[in-house]
Participant: 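The structure follows.
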Amino acid sequence: MARGRSFPGRLARAILWLVLICIAASVLAVLTLRWLDPPFTAFMAEAEVAAWTSRDSRFELRHRWVDLDKISPNLPLAVVASEDQKFPEHWGFDVEAIEKAYALNQHAHKVRGASTISQQVAKNLFLWSGRSYFRKGLEAYFTLLIEAIWPKRRILEMYLNIAEFGYGVYGAEDAAQRFFHKPASTLTRADAAVLAAVLPNPQRYSATAPSRYVQQRRDWILGQMQALGGPGMLQEIDAYPDRRR
């Protein structure tokens, strides 16, 4: 009788090789995107497929990449003030915010998230919408990779270029052109605060016709922008100790 590995042994070996290949591919993808700008993201592809399958003729994907130095410093300041004020110092996760969200979610009907900018980049770039422990696990994995390989400015640049600001409107440049008829480089503090205010649900909230809630959130973000020290925050990110450079 010929000797050979048992079927469970061969299966385990195949699974191990598959896992190692997936890890290597993910590391290579994140490493490559430190320098190369992605033409699209997983979320954009998902939105295109959803619009096609539902025959939604209203959907038109708008996305143009612009480097961070071509975006008004008001916008990165606004999104940090709105989404992730500990962005310069954390390694991908705001533990305090996660603990607070977990405590609130035990007694609330509406689930509150605590995703950092880095987590949102990982999710939008590589994953899919929806809630599951498997997807959250992958999100954490990609977040750690991104934080380990990219400098903070690259993470912020990526976020501002792939975030959805309206139905089919992705990135700072197309949002600025679509909602304010100007390039992203000339966005004012108020413009930036409005765009940041709609980020939690860009298909529900409008930057062109802001609801009372959006206006109130805009005013709160403006106050937080001032408290963070103004556009000089970007220089503080550059100066923050970062061993990934």
Side-chain angles (χ1 to χ4, degrees), residues 37 63-94 96-97 113-125 143 146-147 150-166 169-202 205-208 210-211 213-242 244-245:
D37 305 328
H63 176 245
R64 276 174 290 178
W65 183 280
V66 288
D67 294 337
L68 188 59
D69 60 6
K70 298 294 193 302
I71 300 174
S72 165
N74 290 313
L75 188 57
L77 175 62
V79 299
V80 169
S82 171
E83 301 285 295
D84 185 5
Q85 294 192 12
K86 294 184 179 179
F87 174 71
E89 60 193 73
H90 66 59
W91 278 81
F93 307 95
D94 186 341
E96 183 180 351
S115 294
T116 62
I117 286 174
S118 304
Q119 288 175 271
Q120 292 180 58
V121 167
K123 177 180 66 177
N124 292 2
L125 194 55
T143 297
I146 286 169
E147 282 279 345
W150 297 357
K152 286 289 188 178
R153 283 181 66 91
R154 179 57 172 173
I155 297 173
L156 194 55
E157 180 179 58
M158 186 70 71
Y159 181 71
L160 293 172
N161 275 283
I162 68 174
E164 185 181 14
F165 290 95
V169 181
Y170 295 86
E173 183 64 24
D174 276 280
Q177 296 285 356
R178 172 69 175 81
F179 302 125
F180 303 110
H181 309 291
K182 62 173 72 172
S185 60
T186 62
L187 289 169
T188 66
R189 293 175 71 252
D191 297 335
V194 168
L195 290 178
V198 304
L199 279 173
N201 195 335
Y205 305 130
S206 170
T208 50
S211 63
Y213 167 79
V214 171
Q215 293 175 29
Q216 290 174 340
R217 184 163 174 81
R218 174 202 62 197
D219 294 342
W220 178 84
I221 292 170
L222 285 169
Q224 295 300 303
M225 290 167 69
Q226 186 65 32
L228 287 175
M233 179 272 301
L234 283 177
Q235 282 68 48
E236 293 180 15
I237 288 177
D238 288 339
Y240 202 86
D242 192 342
R244 289 155 293 180
R245 295 177 188 171

Participant: Between the main-chain N or O of Gly92 and the side-chain N or O of Thr116, is there a donor-acceptor pair closer than 3.5 Å?
Facilitator: yes
Participant: Begin from the C-alpha positions of Phe93 and Lys86 and carry the test side chain to side chain contact (heavy atoms under 4.5 Å, CB included) through to its verdict.
Facilitator: CA-CA 9 Å; Phe93 307 95; Lys86 294 184 179 179; over 6 Å; no
Participant: Of all heavy-atom pairs between Ile162 and Val121, which one has the smallest distance, and what is that distance?
Facilitator: CD1-O, 4.2 Å
Participant: Given side chains that start at C-beta, do those of Ile146 and Ile155 come closer than 4.5 Å, heavy atoms only?
Facilitator: yes
Participant: Would you call Tyr170 and Asn124 a side-chain contact if the rule is heavy atoms closer than 4.5 Å?
Facilitator: no
Participant: So which heavy atom on Pro88 is nearest to which on Lys152, and how close?
Facilitator: O-CE, 3.9 Å
Participant: Could you work out, with side-chain hydrogen bond (donor to acceptor under 3.5 Å, both in side chains) as the rule, every residue matching Thr143, not counting sequence neighbours?
Facilitator: none
Participant: Are any of the side-chain heavy atoms of Ser82 and Met225 separated by less than 4.5 Å?
Facilitator: no
Participant: Please say whether more than 12 non-hydrogen atoms of neighbouring residues, nucleotides or ligands are located less than 6.0 Å from CD in Gln215.
Facilitator: yes
Participant: Going by heavy atoms in the side chains, are Phe180 and Leu195 under 4.5 Å from each other?
Facilitator: yes
Participant: For Phe87 and Ser118, what are the C-alpha separation, side-chain angles and deciding distance, and is it a side chain to side chain contact (heavy atoms under 4.5 Å, CB included)?
Facilitator: CA-CA 8 Å; Phe87 174 71; Ser118 304; 4.0 Å; yes
Participant: Below 4.5 Å, heavy atoms only, C-beta onward: do Glu147 and His90 meet side chain to side chain?
Facilitator: yes
Participant: So which heavy atom on Ile71 is nearest to which on Pro76, and how close?
Facilitator: CG2-CD, 4.2 Å
Participant: Quick one: closest heavy-atom pair of Phe165 and Ala172, and the distance?
Facilitator: CE1-N, 3.9 Å
Participant: With sequence neighbours left out, what residues match Asp174 under side-chain hydrogen bond (donor to acceptor under 3.5 Å, both in side chains)?
Facilitator: Arg64
Participant: If every non-hydrogen atom of Ala176 is compared with every non-hydrogen atom of Pro183, which pair is closest and at what distance?
Facilitator: CB-C, 3.8 Å
Participant: Scan for side chain to side chain donor-acceptor pair (under 3.5 Å) pairs involving residues 156-165, sequence neighbours excluded, and state none if there are none.
Facilitator: Gln120-Tyr159, Arg154-Glu157, Glu164-Gln203
Participant: Quick one: closest heavy-atom pair of Ala196 and Arg217, and the distance?
Facilitator: O-NE, 4.5 Å
